[in-house]
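Contents: one structure, followed by commentary.
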Number of protein chains: 2
Amino acid sequence: MSTERQQEIIDVSLDIISTKGIQGLTIKNLAKRIGISEPAIYRHYDNKISILLAILDYFKTSGELLFGNLDSLATSPLKKIEAIFQGYFNAFRQNPSLVTVIFSEEIFRNEPMLQQKITDIMDKNSAVIKSLVAEGQAKGEIKSDIESKYLTLIIIGSLRMMVKKWQMGDKAFNHREEVENIFKTLEQLIKVNA
Amino acid sequence: MSTERQQEIIDVSLDIISTKGIQGLTIKNLAKRIGISEPAIYRHYDNKISILLAILDYFKTSGELLFGNLDSLATSPLKKIEAIFQGYFNAFRQNPSLVTVIFSEEIFRNEPMLQQKITDIMDKNSAVIKSLVAEGQAKGEIKSDIESKYLTLIIIGSLRMMVKKWQMGDKAFNHREEVENIFKTLEQLIKVNA
DNA sequence: TGGAAGTTAGTAAATATTTACTAACTTTGC
DNA sequence: GCAAAGTTAGTAAATATTTACTAACTTCCA
């Protein structure tokens with residue numbers, strides 16, 4: 001488990017990232033914002049990478065929690081996919097920095113541990129959605145004349161694009177309504193018509 | 001127009017980016033690879049940002065060229081969208097560093113000029129595809145019961161996701177075949193059935 | 001009273017950029 | 001036609017700043 005100060009470091013880090021970007025997250029900024037000296041940070045985390053790893057863990061755990069609760073949120077595969085859309089979007093609204101982190105792969109390029117963790121998270125997401133798509137196809141809810149692999153790519157790509165547009169500060173982006181509309185469009189395209 | 005040395009700087013920069021990432025592009029690396037001193041670089045470009053701007057310009061121009069030739073490549077709106085898919089993918093295959101640059105927005109975050117140029121490029125892409133979608137709908141080729149805005153988001157999201165997967169070195173990714181399959185899937189979803 | 005959490009004062013390395021200068025061309029005015 | 005003046009492209013050396021991180025000392029509280 002993490003101590004109070006460790007949690008504070010993560011919280012403040014997320015806040016810095018959301019305003020100044022990942023590159024704005026320096027030990028100096030972090031220490032200043034918390035109100036302690038730079039070396040004091042190292043009493044709680046070995047190095048900067050450990051802090052970023054903790055942030056990614058936080059994100060990973062949120063995702064796993066969402067996946068775990070899926071059965072209680074919806075019954076049909078399509079509704080479950082929609083619940084994932086909404087779930088992620090809520091998480092991003094509460095912590096906009098998570099979006100920044102997720103789109104920061106290029107910055108992590110020369111840090112294998114970070115790179116690996118991001119890849120893990122993305123692979124897990126893909127796998128969950130792909131199995132939901134396959135289940136929906138088996139149940140006759142989702143069109144079966146399409147490989148689940150490609151459908152999954154289209155779904156995840158749409159989700160990411162939506163988040164990206166929202167992040168880019170598209171002022172014409174009305175959260176709840178847009179998420180619903182985009183998902184409805186996707187649903188309209190892939191579901192089997194009655 | 002750009003001088004020979006300026007072009008060389010851009011070419012070598014692209015090469016460095018494709019192997020070491022944008023963060024590997026330092027004036028030192030660049031100068032070493034070309035075989036001149038660091039300050040000599042500044043004889044040709046004011047600063048590092050100017051070099052990155054030139055790279056983005058190169059990318060922007062490629063896109064505009066593609067958009068300009070669209071009429072000669074295909075006739076129907078759907079085929080034109082497919083030509084854009086293929087065109088971008090070819091550009092990325094020839095210059096993998098372009099993908100890195102396109103997904104490096106986070107790195108450009110505190111450089112308004114770079115940020116602006118990236119936004120411009122994305123907006124231009126969106127506008128072109130959106131107008132093609134609308135045209136396809138008007139001609140009865142693309143489903144009309146869906147707002148072109150959302151359809152565009154799904155198309156661009158799919159394209160980006162495809163490129164991202166390819167970039168992540170998905171070894172199971174067979175360029176030509178996959179691009180075609182993904183586009184076929186998309187087509188199957190959005191086109192009006194005869 | 002001893003260890004956890006803090007401070008002060010640094011270091012080493014990286015990085016973009018500036019300064020002062022030179023050699024080799026090119027242009028221009030008499 | 002040719003020398004003076006200017007330009008281009010380079011160098012070596014130094015600078016300013018940022019960054020992650022460390023060593024050694026101090027405070028404080030259970």
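Just so it is clear: chains get the letters A, B, ... in the order the sequence lines come, proteins before strands, and each one is counted from 1.
- Near DNA chain D, defined here as any heavy-atom distance below 4.0 Å, there are no residues from residues 9-18 of chain A.
- The side-chain contact (heavy atoms from CB on, under 4.5 Å) test with K80(A) is passed by exactly one of L132(A), T75(A), L73(A): L132(A).
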Listed pairs under 3.5 Å, donor-acceptor, residues 19-28 of chain B side chains, sequence neighbours left out:
| from | atom 1 | to | atom 2 | distance (Å) |
| --- | --- | --- | --- | --- |
| T19(B) | OG1 | D15(B) | O | 3.3 |
| T19(B) | OG1 | I16(B) | O | 3.1 |
| Q23(B) | NE2 | I107(A) | O | 3.0 |
| T26(B) | OG1 | N29(B) | N | 3.0 |
| T26(B) | OG1 | N29(B) | ND2 | 3.4 |

Distance-only donor-acceptor pairs under 3.5 Å for side chains of residues 150-162 of chain B, two or more places apart:
| from | atom 1 | to | atom 2 | distance (Å) |
| --- | --- | --- | --- | --- |
| Y150(B) | OH | E178(A) | OE2 | 2.8 |
| Y150(B) | OH | N181(A) | ND2 | 2.9 |
| T152(B) | OG1 | S148(B) | O | 2.7 |
| S158(B) | OG | I154(B) | O | 2.7 |

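- Screening residues 114-124 of chain B for side-chain hydrogen bond (donor to acceptor under 3.5 Å, both in side chains) gives D57(B)-K117(B), Q116(B)-D120(B) as the qualifying pairs, with residues at least two apart or on separate chains.
- In this structure, the salt bridge (Lys or Arg N to Asp or Glu O under 4.0 Å) partners of R5(A), at least two apart in sequence or on a different chain, are E8(A).
- The ring pair (Phe, Tyr, Trp, His ring centres under 6.0 Å) test applied to F103(B) returns no partner, not counting sequence neighbours.
- Residues from residues 30-48 of chain B with heavy atoms under 4.0 angstrom of DNA chain D, sorted by number: I36(B), S37(B), P39(B), A40(B), R43(B), H44(B).
- Contacts of D11(B) classified as salt bridge (Lys or Arg N to Asp or Glu O under 4.0 Å), with partners at least two apart in sequence or in another chain: none.
- By the salt bridge (Lys or Arg N to Asp or Glu O under 4.0 Å) test, K79(B) is found to be paired with E82(B), residues two or more places apart in sequence or in another chain being considered.
- For E106(B), the salt bridge (Lys or Arg N to Asp or Glu O under 4.0 Å) criterion is met by R109(B), not counting sequence neighbours.
- Using a 4.0 Å cutoff to heavy atoms of chain B, the contacted part of DNA chain D runs 5' to 3' from dA9(D) to dA13(D).
- In this view, F92(B) and F59(B), Y88(B), L98(B), V99(B), V163(B), W166(B) satisfy the side-chain contact (heavy atoms from CB on, under 4.5 Å) rule, not counting sequence neighbours.
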